[in-house]
2 protein chains.
Amino acid sequence: MRGWTMGARRGRVLELAVLGLLYQAPMHGYELRKRLDLELGTLRAFSYGSLYPCLKEMLRKGHISQTEQSDEEVHGRRPRIVYRLTDPGHDHLHRLLTEVAPAASDDECFGVHFALFGHTRSDVRLRVLHGRRDRLRGRLADLRHHLADRAPAVLTSDGYPHELHRHDAECVEREIGWLDGLIEREEHRAGTAKRPDLPPAG
Amino acid sequence: MRGWTMGARRGRVLELAVLGLLYQAPMHGYELRKRLDLELGTLRAFSYGSLYPCLKEMLRKGHISQTEQSDEEVHGRRPRIVYRLTDPGHDHLHRLLTEVAPAASDDECFGVHFALFGHTRSDVRLRVLHGRRDRLRGRLADLRHHLADRAPAVLTSDGYPHELHRHDAECVEREIGWLDGLIEREEHRAGTAKRPDLPPAG
DNA sequence: TCGTTCATGTAACGCGTTACATGATTGC
DNA sequence: GCAATCATGTAACGCGTTACATGAACGA
């Protein structure tokens with residue numbers, strides 16, 4: 001069984017999402033899985049086959065701790081295993097959100113990072129937003145270049161790839177516009193609000 | 001029913017994409033990889049570490065054949081290994097595009113299926129488009145339900161998840177609108193054009 | 001001559017999934 | 001009683017990736 005043991009490389013969406021959820025409140029595994037579905041940026045439902053081994057690994061690394069519910073908390077029900085963030089886990093979350101930020105331009109990572117923006121500094125947020133926008137601009141350039149080559153051929157014989165790329169380019173354009181607005185607001189807030197959440201980098 | 005185990009699970013994007021590209025023209029591995037980047041729906045660049053083992057497996061199954069370029073074709077250059085679709089491979093492609101169509105509502109699969117619409121019958125196209133739209137409608141309902149619960153909280157303390165979901169819902173809405181248009185056109189074509197590509201289902 | 005692109009691969013690993021187990025609790 | 005959901009896991013596998021090799025052809 002060679003997978004699964006070594007340290008956190010890029011990606012690692014599930015771990016980050018779990019840290020983010022447990023930052024908000026302690027939870028047991030089953031509820032974590034439910035919340036992963038909608039709460040976070042990723043609308044994807046992770047399976048228990050991913051979640052429980054992940055929790056086990058996080059326990060081993062000391063990022064979370066597990067406690068059984070006491071008899072008072074459980075009113076006749078079976079006690080559940082509640083996980084909560086430890087101090088090292090909290091540090092780890094913070095480190096992931098700041099240091100790993102460049103990798104957050106990745107499609108799947110960005111959503112989770114963005115959803116956890118509340119726990120980050122303004123400069124980190126701007127870095128992630130800019131990274132995402134740059135990436136999308138590159139993709140848009142590729143798409144336009146590719147669209148310019150091909151014939152228009154509106155869905156007649158085989159304009160399907162062309163139509164797909166046209167629609168994709170439209171989506172990317174709109175997301176760039178969305179990011180423009182977010183960046184502007186973020187910069188304005190950074191200039192006026194004297195960072196309400198955390199002190200500047202030291 | 002979990003007896004869905006054997007053969008083509010969902011996913012399997014790479015194999016489908018390669019079949020689709022080789023359907024258009026014979027190619028060698030390096031060119032396949034380049035084309036996978038932009039030609040197909042998926043803008044993702046598959047790595048050689050995926051591509052060459054995949055080609056090997058497809059050879060083993062007899063879906064493609066390889067031939068070295070002859071001395072006449074190669075003008076001083078090193079001869080390259082050219083892959084081409086066999087008749088069983090062609091059948092397999094057709095089967096994937098029709099039978100496995102329901103799974104094509106998946107985010108990543110849909111793009112490739114759509115790009116290959118030129119090789120399918122009108123009824124299959126409509127089935128895929130409807131499947132995709134239904135899936136997106138479900139997601140939109142989830143998003144709206146989730147958005148209705150939460151406070152508006154426009155980006156003040158922690159409105160980031162809310163803003164993310166709002167933007168996501170907007171994107172999903174637009175894609176549904178796009179699909180509406182495609183479905184309408186497809187139905188119109190099916191009604192008038194006497195199916196230009198293939199005879200109706202038997 | 002030297003870096004870049006072309007061209008073809010293999011080994012090891014990453015990050016998940018589905019299928020398989022197991023049992024308690026809730027609602028009809 | 002019996003099904004659905006809650007709740008916790010393990011084993012085997014899927015479908016890719018990165019890193020590692022290797023070498024020929026091309027342009028500055």
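Every chain is numbered from 1, with letters handed out A, B, ... down the list of sequences.
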**Phosphate contact (dC15(D) OP1 or OP2) by R12(B) side-chain N/O below 4.0 Å** = yes
**Message:** Angle between ring planes, F110(B) versus F114(B), binned at 30° and 60°: parallel, tilted or perpendicular?
**Reply:** tilted
**Message:** Under 4.0 Å between a side-chain nitrogen and a carboxylate oxygen: does that hold for E31(A) and K34(A)?
**Reply:** no
**Message:** I need the H92(A) NE2 to L97(A) CG distance, nearest 0.5 Å.
**Reply:** 10.0 Å
Distance-only criterion, 3.5 Å: show the donor-acceptor pairs between side-chain atoms of residues 58-66 of chain B and protein atoms not counting sequence neighbours.
from	atom 1	to	atom 2	distance (Å)
R60(B)	NE	E57(B)	OE1	3.2
R60(B)	NH2	E57(B)	OE2	2.9

**Prompt:** Between R33(B) (CZ) and dG16(D) (C1'), how many Å, whole number?
**Reply:** 13 Å
**Asked** Is it true that a side-chain atom of R33(A) and a backbone atom of A45(A) form a donor plus acceptor pair closer than 3.5 Å?
**Response** no
Protein-nucleotides 7-11 of chain C N/O pairs under 3.5 Å:
from	atom 1	to	atom 2	distance (Å)
dA7(C)	OP1	R80(B)	NH1	2.5
dA7(C)	OP2	H28(B)	NE2	3.2
dT8(C)	OP1	I81(B)	N	3.1
dT8(C)	OP2	G29(B)	N	3.3
dT8(C)	OP2	Y30(B)	N	2.9
dT8(C)	OP2	Y52(B)	OH	3.0
dT8(C)	O5'	Y52(B)	OH	3.4
dG9(C)	OP2	Y83(B)	OH	3.3
dT10(C)	OP1	K56(B)	NZ	3.2

**Asked** Are any of S47(B)'s side-chain N or O atoms less than 4.0 Å away from OP1 or OP2 of dT17(D)?
**Response** yes
**Between dT18(C) (P) and F46(A) (CZ): distance, integer Å** = 12 Å
**Asked** Between R174(B) and E170(A), does a salt bridge (Lys or Arg N to Asp or Glu O under 4.0 Å) hold up when you go through it step by step?
**Response** CA-CA 10 Å; R174(B) 289 186 63 85; E170(A) 199 179 297; 2.6 Å; yes
**Message:** Just the rounded figure in Å: distance from P of dC6(C) to CG of L51(B).
**Reply:** 15 Å
**Rounded distance in Å - CG (D37(B)) to C1' (dT5(C))** = 15 Å
